[in-house]
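One structure below.
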Amino acid sequence: MTDTGLAAVLAGARVMPVLTVPDPATAGPLAEALAAGGARCAEVTFRTPDAAHVLKTMAAHGGLAVGAGTVLTAGQVERAVAAGARFVVSPGYDEDVVAACRELGVPVVPGIATPTELMRALRAGSTTVKLFPAEALGGLPALRALAAPFPGVRFVPTGGIGPGQLTGYLAEPAVLAIGGSWMATPALLEDGDYTGIRRLTAEAVDSSTPEALEVSTP
């Protein structure tokens, strides 16, 4: 499967909650809250020891297309796919990670921050990339400047994006989806505030509809 399979996995979803979940016990209620808020996908970052367990629990929910994020090695790719990951996201471009994803038939979204990294990703066959860290790199102006010489590339910007920036990014034709952590922060999880997670998710999903974007675009 090529990286173009990501669009099929997302099935039109434009907002991807990016999740760092320290406690596996919260994975089930978290999946319920996200799905109730209208999310159709989620990225579980491999930043915690139990990330594979969390991913497996959330994938079993059935209402979400769950992928693995912050994947740094081919070994993590194998663990993520074995746990049920539908896609893999990496913060940077790594040949071994991309190759492992290709071998296992899972869409991969390598991270890029420069034109040079983007050209390396394109040579490897990746036409969907993660722009990271999007806001620190310059936000929308940086994305537009990077997209201009590469009209066939689709971007999934992540890093520092909040509800205030959501519609601006999604209005860009080169943006497939955005990733954000504000919908389910570690603080919300620690407090068990699944009502808050559901509300923030619903607000983000509602803001990402074509109708909402048409109204918000100048």
Side-chain angles (χ1 to χ4, degrees), residues 1-21 24 26-48 50-94 96-112 121 124-132 153-159 161 170 175-181 183-184 197 201 204-205 208:
M1 181 183 291
T2 66
D3 64 292
T4 56
L6 178 67
V9 170
L10 296 184
R14 307 285 317 275
V15 176
M16 184 187 304
V18 178
L19 314 168
T20 299
V21 186
T26 65
L30 174 58
E32 290 285 352
L34 293 173
R40 287 181 283 171
C41 63
E43 175 188 328
V44 175
T45 64
F46 268 52
R47 299 182 184 183
T48 64
D50 294 311
H53 184 184
V54 170
L55 195 157
K56 185 174 183 178
T57 300
M58 295 190 68
H61 177 271
L64 298 169
V66 185
T70 320
V71 174
L72 307 178
T73 67
Q76 287 182 328
V77 172
E78 294 171 0
R79 288 172 53 209
V81 173
R86 298 279 304 279
F87 57 91
V88 169
V89 183
S90 180
Y93 179 78
D94 182 87
D96 291 343
V97 168
V98 171
C101 290
R102 299 281 192 240
E103 184 176 345
L104 293 172
V106 62
V108 58
V109 188
I112 63 97
S126 294
T127 56
T128 300
V129 296
K130 169 179 175 172
L131 180 65
F132 178 80
V153 173
R154 304 297 301 280
F155 294 86
V156 182
T158 306
I161 297 174
L170 292 182
V175 172
L176 176 65
I178 65 102
S181 59
M183 291 161 274
I197 291 172
T201 302
V205 171
S208 71

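Not measured: the values here are computed from a predicted model. Counting from 1, the numbers follow the sequence of the chain as shown.
Checked against side chain to side chain donor-acceptor pair (under 3.5 Å), Thr20 has the following partners two or more places apart in sequence or in another chain: Thr45.
When all heavy atoms of Pro110 and Tyr93 are compared, the closest pair comes out as CB-CD1, 3.8 Å. Across all their heavy atoms, Ser90 and Val97 have their closest contact at CB-CG1, 4.4 Å. Closest of all the heavy-atom pairs between Gly5 and Pro107 is C-CG, 3.9 Å. Among all heavy-atom pairs drawn from Val175 and Arg154, the shortest one is O-NH2, 3.4 Å. Of all the heavy atoms in Leu30 and Val21, the pair that sits closest is CD2-CG2, 3.8 Å. Of all the heavy atoms in Ala39 and Val205, the pair that sits closest is N-CG2, 4.0 Å.
Contact of the Leu131 side chain with the Ile112 side chain is registered, since non-hydrogen atoms from C-beta on lie closer than 4.5 Å. Counting heavy atoms from C-beta outward, Pro91 and Leu72 have side chains that approach closer than 4.5 Å. Taking 4.5 Å as the limit, some side-chain heavy atom of Leu34 sits within range of a side-chain heavy atom of Ile197. The closest side-chain heavy-atom distance from Ser126 to Arg102 is below 4.5 Å. Counting heavy atoms from C-beta outward, Val88 and Leu104 have side chains that stay 4.5 Å or more apart.
To the nearest 0.5 Å, the span separating OG on Ser181 from CE on Met16 amounts to 13.0 Å.
Remark: the backbone N or O of Leu176 is paired with a side-chain donor or acceptor of Arg14 at under 3.5 angstrom. With hydrogens and angles ignored, the 3.5 Å screen pairs no side-chain donor or acceptor of Arg86 with any backbone N or O of Val9.
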List, one per line, each side-chain donor-acceptor pair under 3.5 Å for residues 50-70, sequence neighbours excluded.
| unit_1 | atom_1 | unit_2 | atom_2 | d |
| --- | --- | --- | --- | --- |
| Thr57 | OG1 | His53 | O | 3.1 |
| His61 | ND1 | Gly63 | N | 3.0 |
| Thr70 | OG1 | Arg47 | NE | 3.1 |

Which is it for Val89 and Val156 under the side chain to side chain contact (heavy atoms under 4.5 Å, CB included) test, yes or no, and what are the steps along the way?
CA-CA 10 Å; Val89 183; Val156 182; over 6 Å; no
Applying side chain to side chain contact (heavy atoms under 4.5 Å, CB included), run through Leu170 and Val15 and close with a yes or a no.
CA-CA 9 Å; Leu170 292 182; Val15 176; 4.2 Å; yes
